[in-house]
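Chain naming here is simple, since letters A, B, ... match the order of the sequence lines and numbering starts at 1 in each.
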Amino acid sequence: MSLVQHVDGLALAPPTALALTAAAVLVVDLLVRRRRVELAVGIGLLGTAVALVFVAVLARGEPRATFCLTAHACSYEADGFALALQGLVLLALAVVLPLLTGALRDHRLPPGEAVFLLLSSATGAMVMAAGRDVITLVVALELVSLPTFVLVGLRPGDPRSAEAALKAFLIGVVSTALTLYGASLLYGVTGSLHLDLIAEGLSAHRHDPLAAAAVVLVVAGFGFKVAAVPFHFWVPDAYSGAPLPVAAYLAVVSKAAGFAGLLLLLLRGLAPYVGTWGPVLGVLAALTMSLGNLLALRQRTVIRLLAWSSVAQAGYMLVPLALHADAGRKQMQEASTATLGYLGFYAAMTLGAFAAASVLARSHGALTIEASRGLVRVAPWTAGVLVLSLASLAGLPPGVGGLVAKVVVLRSAVDAGYTWLAVVMAVNTVIALAYYLRWAVVALSPGAATERPFPPARAAVGAALVAGAATVVVSVVPQLVMRAAAGGALG
Amino acid sequence: MHLAVPLVAGALLFGLGIYGVLARKNAVLVLMAVELMLNAVNLNLIAFGAYLRDRFRTGEVTTLFVVTIAAAEVGVGLAIVLLLYRRRESVDLDRATELREEAA
Amino acid sequence: MSSAAWLLPAIPFAAALLGALPACRTRPRAAAIALTGATTTALVALLLLPSALDDPTRVRLDRLLIAPAGALQVLAGTRFDSLAAVVAVMVGVVALAVQVYSVGYLHDDLRYPSYAAQVSLFTSAMLLVVVASDLLELLVGWEVMGLCSYLLIGHYRELDYARRAAVKAFLVTRIGDVGMLLGVAVLGTAAGTTDIGELLAAVPRLPHGALVAGSLLLLLGVAGKSAQFPLHVWLPDAMAGPTPISALIHAATMVAAGVYLVARLHPLFLASTVTLDVLALMAAVTMLLGALAAFAQDDLKRLLAWSTTSQLAYMLGALAAGGYDAGLLHLMVHASAKALLFLAAGLVLHAVHTGALSQMRGVARRMPVAALALIVGGLTLAGLPPFAGAWSKDSVLAAMKSAAGGSGPGPDQFEGVLLYLAGLATVLITAAYVARLLLILLAPPAPRGDLHEPRLSMAQSVTALTVTCGVSTFLALPDALPSWLPAPAGAREGIELSVGGVTLTAIGVLAVFAALWLYSHAGARDPVLLLGSSQRRLRSGFGVDALYDRGAVRPTRSVAAAVAETDASAINHAVEGIGRSAVRTSSSLRVVGAGRVRSYLAALIAGVLLVVVSVAVVV
Amino acid sequence: MSGSWALPVILALPLAGALLLLLLPEVGDAIAHVVGLVVTGSVVVGVLALFGSFDIGRAGRPQLELDGDWIPAIGVRFHLGVDGISLPLVGLAALLFLLCMVHLLRHMPEPVRPRALIGLLLLLETGVLATFMALDLIVFFIAFEVVLLPMYFVIALWGGERRQHAATKFILFTLLGSVVMLVGFLVVGTHAGTFDLVELAGRRGAGMPRGVQDAAAALMILGLAVKTPVWPLHTWLPDAHTEAPTVGSVLLAGVLLKMGTYGLVRLVLPVVPQGAHDLAPALAGFAVIGIVWGSLVCLVQRDMKRLIAYSSVGHMGFVVLGIASLTTIGVQAALLANIAHGLITGLLFFLVGALKERHHSSEIAVVGEGMLGQTPYLGSLLVFAGVASLGLPGLAGFWGEALALFGAWRPAGGLPAVWFQLLVCLACLGAIITAAYFLDLLRRTAFGPVPSARRLRPVGEARVSELVAWTPLVVATVVIGLYPRIVLGLGEAAVRGVLGVSA
């Protein structure tokens, strides 16, 4: 056994590029005094673009793997699944970074640190997508989470920001502890922490209560990231305490990372115990979407509405994972495709909504729903993106993307025989429409001629338009997303 | 030594940590309770590693990672607690309830 | 589309369309269009008559597929035989008379143009009924006629009672029509066709249930259109319309449609004794009810309306008794007599501006045209020889008598006897109200003061109809009709006339005339006083209207109110309640986000523990 | 993609118009009207061309098909086509949208904003046409959903006083219906392995066990019943109609309701025939309750818009009854009644809208008597529309309802005939009450003396722009009434196909 492994640099290139960019931002920020915001964000975008190029290059070639224990058990795989998610993370980053400029200026946040933290967290998300053993996943999880805690608490002078950070942090670390404890038990049962080897081990240990408990515990940390019930509590508080772009990042990138880990863990590592976790996730999905939608129904501020809506959306994304004990490889593959596909559509539309909210926050100040009255007059394009995004989130045309996403997820529930879950989701869709619409119609209503304290930030409007364009593209050609999502988590 | 001994000890440690998380109002003490939970994990990993005679030394290696994670968490956590203290002059968790669902 | 029979409904339809155009809405243009249309129609009907009578058994068919629906292929078109030809002539002539008359009668009415167009449309619809080859097609004409009747009764739309009468007429006939539609559906689905010829051919192989149910339902339509008990209530009220309309619709054409339909489908009805029983009973009740109510009326037009109801029952009674030719003969005779009476009554009304008989004493003495018309029409209606009414009535009675004897086609003997007795009694009551009418209008002294002179066109058409009616008396109609209108298989052949019967009837009628003359002459009294306290009861037609109001109209309204309330409170409430409960649930879930991070952590760990335990147990 | 591009081109027209108007704020309001007219006009021309190129001999099969992969990952094909069932509805929709545009020229509801309103209506048109052309379950569903948001905004932004409530109720209620329907589609898709309607209709439910068919049919019928609407799922309709602006009411009644019954014929009958057969008696029962219920409510209704809305419940009841009979004649009748209801109720809503504009209320008491006296055109048209709606033979409304009764009197083999016959009798009762309330309505509005107050301040007679918008409806009602073969003949073969009956 050679202690010196061959490391495939190309496979690792995307996260590496991002990590190096993060470091570069920090260094440059120390050296430069003027125009720090533009510079930090600019370098960040550049690094994102480079990483994206690497992803594209990798996507053209054969799947690569590195850090291998044996010939078949590698800890890092740049396969279709990983690349799709990495692409998603990078594209989302390309929207979040410009959004950040406005917040950096308005709240006088330290630009270098903020961009550095964001890029570090994103690096974690990229690694998460490619990690194939529990340790890599947990480390990636921490890498995603820890910088976001700091980002949430970054608003100077605002005690709510610190409170939000603390809540997110505590729930996060407790969840991680649960995951690690579960991982330790899993190691004990199967003798390995590599996903494929865990799967082999679990196959040999059917109906083991300890293993079942370990399965549940190990999922906890990822449940925290995706904001599933009962790990969702931090979401509304953290979103409303955090700067808006950070909330957007949490809602999209961090959630995507959580789902990446969850899919890998469940479908690849814990697949033999599908009979255990399948029904549990079905129930959790139902609870998550119902709770999220019901609570979103009465929100008056934009940000809490989006927060609860993102909880509800997580519930939808969990639906495909509700599998029956007899689910075979094909069903798991489809479940992965469905969740990943939904994630793709979700990213586009959620970013659109957050971007519009950012524009709103600048042009209107207060962030109540009522404050967006007359948005269509002040910023027609942003209003358009907002309505399109909300329609997508609700799953109604013209947001065909969101509609297709819902169809995909519902289909997998019906396929799996969880028709009740499909009906619950159907009812939830209706509740959700009620609050999305309430906002949309306010934004489109002619309002009192509002004074504009700031002109809408051009970067934010641009970000909104990019997200809107993405939503349109995935609405017209949903196959783009679905094809990318078809690279399953099963390897 | 029988495997059960370290495992039970780990479970107790973990339970203690959970108790601490739930019972303590002081944010710093809650942080310490989380450390207890992570150490329970370490205990488990070491015990299983020894028991399984894992040729990859997975248990031991993972422990190193967990220790690092714990350190990072404490670093970030203390910073946040400090931040809160600077704003509120209190580290009482029950008093940090400004962010909540509004009454309808 | 080659048959000239198409022209019959098409010409007046074109006239109606033209008349509805904005450009044609001036009085002279409207009159020109309407008169041209009516004249052409009558001419076409007359021209088509000889060839149809040449070979009375021949049926000319010209059909076009208009509604291919599954197994049912509705071929609409014309079915022109001698029956259709004869009735078409009747309709054409009466319609022409009415159009001519209306030019004068509505001389000062601004709404004449639309009126004329509606009459044209009406004529077209009636002729469509006459020539229709398919029951659904027939139903089109049948109900469009109902619509025109509705519009024309409501002509004086400012008058509340006219509006109400219009609605009532449409609604009551609609009840019958829906029944009839259902009947067509029953028969049509059973026979697989709604074509009249094919349906009649299929009668022997129809299931008995479908035959009985279908024919009974058709009868409902007949009752509605021909104002038979229990759907007769609309006709007296319908007199709210202009008088020519009363003549056209409510004497000669629309109400005749019911009789025509029974004649058209006679074999179908003859095949179901139950239906004939019901028809006989209906006719018996209606003829007595109508005659008695007519006698008690205070209003000239209402008197004539009730009389119509009663006489239509005669025709239907004849058909029920199997007397095909007798019924049709009476239809013709009555149509011309009643049209004449109505138009003459219109002259009187036009002159005195009131419909009350008590205001009309002696009026006709100063109006020779009207007087002559009233005498000819009245005596025809009463059935006094040598007027044609005597022959037609007698043949009807003869048919009923045979039915009462239980021989030949017809209802069961019991119903036959009832029918015959009612027929006999009605002869006498009819004589009584005709005598009353003539006595009042012709009794001396003639009133003084101004009377409106009838306009020329009105006088013309009345004269023409008087002549027609008078001439028909001397025509050998009773002889000719059976050869023109060969009875369908199973019906009674020909017209049975017995000198004895006619004589007896005549003596009875004369006796009634004499008695009333003596009564009224003695103290210039209205014979209606004979009725004493029961007059009011009879005048209201035995209170059937009030009964309907209490038994059907008001309950329906209260049910409707209750349903509307349930819809608003229960169903709608349930739906909106679901929405509200979602919002309530949302509010009560607020505790989930109460802000304390330690409760968050507790819930988190409790949740995980719950799942861990349950999973570990289940595994 | 393979096949004819005619249908997508027709769909693209209103979509492009909508995008042009909604996305380019620089487009002036006057241009908006022009764009609306030109686009809907060219759609009508396009649809006429469709009629021209349609092979009536093969009306039973979809024609002018376009078929291609759209989302292969979940087996969704972009499959469009028209047959004898959908073509008349496409024609109806195209016509009504054009007429609405004509109407809007002179009658913009408050707040005016023509660019937005016309843009939304064009979007609506895209969805409606796509629904009638879709030959894939998922594409159908998406098109079905396209109409929701535009209609919601039309009601919520241009509606009456309680518009927000009505609009929300409309969209939530119908969305609930359509997602339930989607679950039904997915059940079908799971068991059949395809969403393609032509393929599914060809199999006629083969391979789907009875329980699955029943479940799928129940879900689909439930969803479509909300849209139709079938009693007791109708309560969104009166509110939506009452609050919507005139064009909204016209399109709701004239086109959107049709999507529900079209769905029953297009999706339920051929795809899950066994399920349809099992549920038909219950469906017919609800339909007939709706007929009687709706007409009774109308009897005591004081608002004309609500009255017409409830009358729609009754009329659609006849349509559903015809469909539930599962006979060729019944289903053909239903399709005809669909078209007739679209024309007649569209006309009625135009008229009531005109009255509301003049009197600022659609209360019967406010509108008052004497329309024939003061505004003879408006009055006569109201009488015409009223008697057409009550099913006068010779006008379009008659044939559908009459033939539906024919179909239901002798339902398809295996259905309880006595039950259906009882229902037919009840439906006849409803038809009588329908006549009663329409006649009562006319008595209290069209007829009667002109109120003295109104003599001093005359109410405007119908304008040319209004007459232009209404005349085609009148003409079509008469023509179809006299010669229903135009519609029935088109549908015959296709209906046989849907029911799996050989000619």
Side-chain angles (χ1 to χ4, degrees), chain A residues 1 69-70 133-136 138-139 141-143 145-147 149-150 152-153 156-170 172-174 176-194 197 236-241 295 298-301 304 308, chain B residues 3 7 10-11 14 17-18 21 27 30-31 33-38 40-49 51-56 58-59 61-63 65-66 68-70 72-77 79-88 91 93 95-102 104:
Chain A
M1 188 174 74
L69 292 174
T70 66
D133 73 40
V134 175
I135 286 306
T136 313
V138 172
V139 170
L141 184 70
E142 285 298 292
L143 188 51
S145 299
L146 289 176
F149 300 146
V150 180
V152 168
D158 188 350
R160 305 197 314 153
S161 188
E163 180 187 330
L166 182 68
K167 284 179 175 170
F169 172 77
L170 283 180
V173 292
V174 170
T176 311
L178 291 172
T179 295
L180 282 171
Y181 193 73
S184 70
L185 295 180
L186 217 48
Y187 174 57
V189 173
T190 64
S192 172
L193 281 174
H194 189 276
L197 302 179
D237 291 355
Y239 281 25
S240 49
L295 275 160
R298 51 177 293 284
Q299 298 302 331
R300 274 179 300 195
T301 61
R304 284 190 91 88
W308 283 114
Chain B
L3 180 63
L7 285 190
F14 196 75
I18 288 179
V21 166
V30 173
L31 268 181
V34 172
E35 290 301 304
L36 281 187
M37 292 165 77
L38 293 181
V41 172
N42 285 340
L43 196 54
N44 270 5
L45 286 172
I46 299 289
F48 280 129
Y51 171 73
L52 292 168
R53 303 184 198 290
D54 185 351
R55 73 186 171 109
F56 294 116
T58 306
V61 172
T62 307
T63 309
F65 277 104
V66 173
T68 321
I69 287 173
E73 278 182 355
V74 168
V76 171
I80 291 174
V81 171
L82 216 60
L83 193 65
L84 190 73
Y85 183 76
R86 286 227 301 268
R87 307 263 180 273
R88 287 253 168 75
V91 288
L93 289 179
R95 288 176 60 187
T97 55
E98 198 181 326
L99 292 165
R100 58 190 298 178
E101 289 295 307
E102 305 160 48

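Only the side chain of B/L52 has a heavy atom closer than 4.5 Å to any heavy atom of chain A. Of the two parts of B/R86, neither the backbone nor the side chain holds a non-hydrogen atom closer than 4.5 Å to a non-hydrogen atom of chain A. For A/L193, the parts lying under 4.5 angstrom from a heavy atom of chain B are both the backbone and the side chain. Heavy atoms of B/A11 lying under 4.5 Å from chain A belong to its backbone as well as its side chain. For A/L143, no part lies under 4.5 angstrom from a heavy atom of chain B. For a residue to count as touching a neighbouring chain, one of its non-hydrogen atoms must lie under 4.5 Å from one of that chain's; by this rule A/Y181 touches chain B with backbone and side chain alike.
With chain B as the partner, the residue from A/P147, A/G188, A/A165 showing the most heavy-atom pairs under 4.5 Å is A/G188. For the set A/T176, A/L166, A/L180, the count of heavy-atom pairs under 4.5 angstrom toward chain B peaks at A/L180.
Contact record, B/M37 with B/G17: CG-CA, 3.7 Å, taken as the closest heavy-atom pair.
Going from atom CZ of B/F65 over to atom OG1 of A/T136 covers 7.0 Å, rounded to the nearest 0.5 Å.
Partners of A/S161 by side-chain contact (heavy atoms from CB on, under 4.5 Å), not counting sequence neighbours, listed by chain and number: A/R155, A/D158. Applying the side-chain contact (heavy atoms from CB on, under 4.5 Å) test to B/L99 and every residue at least two apart in sequence or in another chain returns A/R160, A/E163, A/A164, A/K167, A/D237, A/S240.
For B/R88 and B/E98, the salt-bridge test passes: some basic side-chain N is under 4.0 Å from an acidic carboxylate O.
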